[in-house]
Undergrad: 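Below is the structure I would like to discuss, written out as structure tokens.
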Amino acid sequence: AQSVTQLGSHVSVSEGALVLLRCNYSSSVPPYLFWYVQYPNQGLQLLLKYTSAATLVKGINGFEAEFKKSETSFHLTKPSAHMSDAAEYFCAVSNTGNQFYFGTGTSLTVIP
Amino acid sequence: GAGVSQTPSNKVTEKGKYVELRCDPISGHTALYWYRQSLGQGPEFLIYFQGTGAADDSGLPNDRFFAVRPEGSVSTLKIQRTERGDSAVYLCASSLQGGFTDTQYFGPGTRLTVL
């Protein structure tokens with residue numbers, strides 16, 4: 001069985017501060033992990049994905065995530081938050097490529 | 001280029017009615033996925049098409065739900081005898097070939113409300 005847990009349904013950061021969104025996964029086999037962003041009234045957009053290559057994955061808009069097998073984590077970070085980063089973020093896991101299991105999402109608020 | 005489109009954007013229906021939700025994937029994408037997103041939840045997998053065939057329909061909640069993709073392009077999600085619990089945003093995504101290394105592109109969704 002596969003699942004992801006996103007700790008913190010709401011995260012607030014000041015503009016320019018570090019963004020850290022947490023994701024822990026459960027998978028019986030090596031997982032493939034994804035982060036998606038959903039801006040208001042828009043479809044989900046892929047930020048980055050881990051597919052067993054480098055453990056530190058760089059994505060769009062300055063985001064990156066590190067796969068840590070020992071901690072079963074795939075946390076999303078960005079060194080400096082922008083106002084435009086305010087959105088809903090979803091972590092997802094798959095090991096078949098057919099079924100993708102999403103977390104419940106984290107709403108990021110950026111305070112000016 | 002055009003992305004994934006879904007129609008209608010909103011659908012309000014009465015309990016017990018039949019509804020159809022349409023998805024137009026990106027041209028040339030062979031893989032198509034349907035998800036359901038309830039309020040406060042992440043997307044929940046429903047079904048995956050590879051070409052015209054449903055390669056994995058294990059996420060469909062019951063036999064009231066059915067989806068087709070007769071020509072390997074447009075897909076329709078059909079819900080019979082709708083229930084209030086079916087109210088959600090239904091998302092469609094497509095990818096070039098399918099598989100976990102392939103990027104899924106999502107549509108804006110159809111918001112279904114069952115009264």
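As a basis for the values below, the full set of heavy atoms in this structure was taken, side chains included, without hydrogen atoms, waters or symmetry mates. Just so we're on the same page: letters track the sequence lines, and every chain starts at 1.
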Undergrad: For B/Y35, is it the side chain, the backbone, both or neither that has a heavy atom under 4.5 Å from a heavy atom of chain A?
TA: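 Contact with chain A involves the side chain of B/Y35 alone.
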Undergrad: Among B/G42, B/P108, B/P43, which residue has the highest count of heavy-atom pairs closer than 4.5 Å to chain A?
TA: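 Looking at each option in turn, the highest pair count goes to B/P43.
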Undergrad: Out of curiosity, does A/Y50 fall in the hydrophobic cluster containing A/L20 (side-chain heavy atoms, cut-off under 4.5 Å, transitive links)?
TA: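 A/L20 does not cluster with A/Y50.
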Undergrad: For residues B/Q104 and A/F100, report the shortest heavy-atom separation together with the two atoms involved.
TA: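 Smallest heavy-atom distance, with atoms named: NE2-CE1, 2.8 Å.
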Undergrad: For the CG atom on B/L39, are there more than 12 heavy atoms of other groups (residues, nucleotides or ligands in this structure) within a distance under 6.0 Å?
TA: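 12 or below, so no.
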Undergrad: For atom CZ of B/F65, is the number of surrounding heavy atoms from other residues, nucleotides or ligands below 6.0 Å larger than 12?
TA: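 Counting other residues, nucleotides and ligands, CZ of B/F65 exceeds 12 neighbours.
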Undergrad: Is it the case that one hydrophobic cluster holds both A/I60 and A/L48, taking links as side-chain heavy atoms less than 4.5 Å apart, direct or via other members?
TA: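 They do share one cluster, since a chain of ILVMFWY contacts under 4.5 Å joins A/I60 to A/L48.
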Undergrad: Under 4.5 Å heavy-atom distance to chain B, tell me which part of A/Q38 shows up: side chain, backbone, both or neither.
TA: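 Side chain of A/Q38 only, per the 4.5 Å heavy-atom cut-off to chain B.
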Undergrad: May I ask you to check whether over 12 heavy atoms, not counting those of B/Y105, lie within 6.0 Å of atom OH?
TA: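 Not more than 12 within 6.0 Å, no.
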Undergrad: Please classify the contact between B/E44 and chain A as side chain, backbone, both or neither, with a heavy-atom cut-off of under 4.5 Å.
TA: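 Interface part for B/E44: neither.
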Undergrad: For a quick test of reading the model, state the closest non-hydrogen atom pair linking A/T104 to B/Q41 and the distance between them.
TA: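 Residues A/T104 and B/Q41, closest heavy atoms: CG2-OE1, 3.5 Å.
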Undergrad: Taking all atoms of both residues into account, what is the closest heavy-atom pair of A/K49 and B/T103, and its distance?
TA: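 It is NZ-OG1, 3.4 Å.
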Undergrad: If two hydrophobic side chains count as joined below 4.5 Å and joins carry through other members, does B/L32 share a cluster with B/I79?
TA: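 Linked, B/L32 and B/I79 end up in one cluster.
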Undergrad: When clusters are formed by joining ILVMFWY residues with side-chain heavy atoms under 4.5 Å apart, either directly or through shared neighbours, do B/V68 and B/F45 land in the same one?
TA: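 Looking at the clustering, B/F45 is in a separate group from B/V68.
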Undergrad: Where on A/L46 is there a heavy atom nearer than 4.5 Å to chain B: the side chain, the backbone, both, or neither?
TA: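 Interface part for A/L46: side chain.
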Undergrad: Given that the side chain runs from C-beta out, which part of A/Y101 has a heavy atom under 4.5 Å from chain B: side chain, backbone, both or neither?
TA: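 For A/Y101, there is no contact with chain B at all, as no heavy atom is under 4.5 Å.
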